[in-house]
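Remember, it's 1-based here, ligands and their atoms both numbered in the order they're listed. The figures here come from the full heavy-atom set of this structure, side chains too, leaving out hydrogens, waters and symmetry mates. The first residue of the sequence shown is numbered 1, and numbering continues consecutively from there.
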Amino acid sequence: MALFNQTKSYQALQAHFEQIKDAHMRDMFAQDSDRFNKFSAKACGIELDYSKNRISQETLGLLFDLARETGVEAKRDGMFAGDKINTSEDRAVLHTALRNQSGEPVLVDGQDVMPEVQAVLAKMKQFVAEVHDGSRKGYTGEQFTDVLAIGIGGSFLGPKIMTEALKPYRVDGLKVHFVANVDGAHIHDVLAELNVETTLVLMSSKSFGTQETLKNTQTAKAWFLDNGGTQDDVAKHFMCVSSNVKAATDFGIAEENIFPMWDWVGGRYSLWSAIGLPIALALGFDNFEALLSGAYEMDEHFKTAPLEENLPAILGMLGVWYINFFGAQSHVLLPYDHYLRGFPAYVQQLDMESNGKFATPTGDYLDYATGPVIWGGEGTNGQHAFHQLIHQGKVLIPADFMLPLNSQHEVTNHHAMLASNCFGQTQALMQGKSLDEVKAEFAGKGLTDAEIEQVAPQKVFEGNKPSNTLLFDQITPRTLGNLIALYEHKVFVQGIVWGINSFDQWGVELGKVLGNDVLAKLENTDLPLDNDSSTNALIERFRNR
Ligand code: F6P
């Protein structure tokens with residue numbers, strides 16, 4: 001298939017971009033009072049208002065032509081069907097099978113994976129029930145009160161952030177703590193709160209080879225043994241989730257304590273597997289199942305809705321429009337919801353580890369941009385910190401605003417204030433404030449013309465800054481499942497358009513290898529320093545600390 005910028009639709013979009021690039025959204029709204037209805041869509045309880053984008057209906061038509069010409073629909077179907085679209089690792093990509101509720105088989109190499117998926121879900125369900133009802137006990141016969149969940153990247157962000165997002169659903173009597181960083185301060189602080197007798201340690205590592213996770217698990221085990229537990233008691237307290245069962249048993253985890261996963265689940269797409277066990281422990285299995293249902297609902301929408309009404313396709317193609325035509329290099333996520341404050345960090349791994357690529361699966365280097373920098377934070381806090389740059393900086397930063405219409409905690413009129421800020425920001429970004437408007441405001445304030453000339457430009461808002469707004473009823477496990485799957489599929493659409501493999505992550509490897517080499521030199525001062533002068537000096541500083 002031709003690279004994306006060699007397609008006919010790309011050429012058509014390029015010509016169209018030249019015509020529309022300076023058009024102001026303020027005029028587009030003024031000319032068409034029906035703009036919101038034309039550029040909004042609803043699915044799975046999410047209403048997407050994308051009318052505040054620098055697009056016309058022609059733009060959208062051309063963007064969907066591009067999606068079709070690059071094979072988005074066929075490749076989407078291939079992913080759901082278990083095709084080995086992760087070609088560099090020769091793997092299928094089937095996080096969707098983990099939440100498949102259709103009753104239909106999903107085949108990998110001719111084998112239906114659904115019985116295994118269901119068996120692991122059943123094992124998780126039983127385990128969660130036993131921990132909650134106290135029939136699974138620690139080595140002194142005490143009920144578990146705490147779970148120490150150890151993992152990093154996809155084996156951490158999803159469980160941690162979604163547990164946080166669903167705080168109002170947490171079960172009483174069991175607290176889940178997360179440790180990811182190899183910085184000893186993290187595990188030090190968490191262990192200080194825990195009691196070995198009542199703590200269950202759940203180590204999550206798809207590969208069972210991640211340095212940070214192995215180290216933190218060893219430290220947790222040493223803590224357990226130093227504080228009353230014995231080697232024989234370890235099996236009662238240490239569980240793990242991994243696709244590498246052999247490495248886990250070699251490490252000393254009892255086989256019955258291993259929750260398996262499969263190579264066709266990518267780390268950043270794995271919270272639907274047993275990697276999501278901390279979520280199920282924190283919220284109850286029913287709520288974990290509701291999360292899966294929400295994702296399944298979005299899968300069905302993505303699979304069946306025409307691209308023109310397909311939320312992931314719309315978001316994905318709008319992203320392509322800004323990245324490849326307007327030159328946007330970042331995309332900001334702004335959840336106006338305190339519980340969703342971690343969501344941008346979740347999507348950051350999902351998007352940047354998936355689409356931060358510069359070569360195609362067939363070995364061509366790309367001469368166009370791919371995945372943007374994903375960043376963000378909770379509204380309204382960002383308005384008092386970084387929104388300045390989005391409003392008046394020299395770079396274009398498309399934004400996704402997210403707002404639940406109903407708060408988990410209606411406290412006086414807090415929620416109306418939150419919503420007003422969210423909507424007000426999108427309006428300000430879109431319409432801006434012209435020089436004439438600023439000058440008119442100065443009239444009658446007694447300023448000289450020279451003073452006005454000097455001050456006015458600093459108060460101008462160019463506007464024409466694009467944003468999407470996603471509204472939904474409330475943050476529930478189901479809505480959250482909808483939202484996460486929406487972003488997963490958005491990333492998929494973009495990866496297909498750009499012709500890259502969104503499901504490997506070779507770019508993380510070099511640093512790991514060099515880090516191991518440096519560790520050896522930090523710990524063995526007899527080893528010669530044969531790196532570049534900067535790295536040698538840094539190692540020396542550490543050796544001499
Ligand atoms: O180093 C990157 C990465 O492989 C991520 O893709 C993954 O989510 C994370 O590390 C953790 O990997 P694992 O679950 O194998 O420990």
Which ligand 1 atoms are under 4.0 Å away from a heavy-atom of [X]?
X	value
Ile152	9 (C), 11 (C)
Gln349	5 (C), 8 (O)
Val508	1 (O), 2 (C)
Ser155	13 (P), 14 (O)

- Message: Please tell me if atom 13 (P) of ligand 1 is touched by the protein, where touching means a protein heavy-atom distance below 4.0 Å.
- Response: yes
- What protein heavy atom sits nearest atom 15 (O) of ligand 1, and how far off is it? Ser207 OG, 2.6 Å
- Note on the structure: Closest to atom 2 (C) of ligand 1 among protein heavy atoms sits Glu353 OE2, 3.4 Å
- Query: Where the closest heavy atom to atom 7 (C) of ligand 1 is concerned, which of Gly154, Gly158, Gly151 has it?
  - Reply: Gly154
- Query: Counting heavy atoms only, which of Glu212, Arg268, Lys512 comes nearest to atom 1 (O) of ligand 1?
  - Reply: Lys512
- Say you draw a straight line from CE of Met124 to OG of Ser273; how long is it, rounded to the nearest 0.5 Å? 7.0 Å
- Message: Is it true that Ser135 and Asp133 share a donor-acceptor pair across their side chains at a distance under 3.5 Å?
- Response: yes
- Among side-chain atoms of Asn100 and Ser102, is any donor-acceptor pair under 3.5 angstrom? yes
So, do [X] and [Y] have ring centers that fall under 6.0 Å from each other?
X	Y	value
Phe144	His237	yes
Phe238	Phe251	no
Tyr487	Tyr346	no

- Task: May I ask whether Glu509 places a heavy atom under 4.0 Å from ligand 1?
- Result: no
- Item | Aromatic plane relationship, Tyr336 with Phe401 - under 30° parallel, 30 to 60° tilted, over 60° perpendicular | tilted
- Should the ring pair Phe358 and Tyr365 be called parallel, tilted or perpendicular, given that the plane angle runs from 0 to 90° and is split at 30 and 60? perpendicular
- Contact (N/O only, under 3.5 Å) between Ser205 and ligand 1: yes
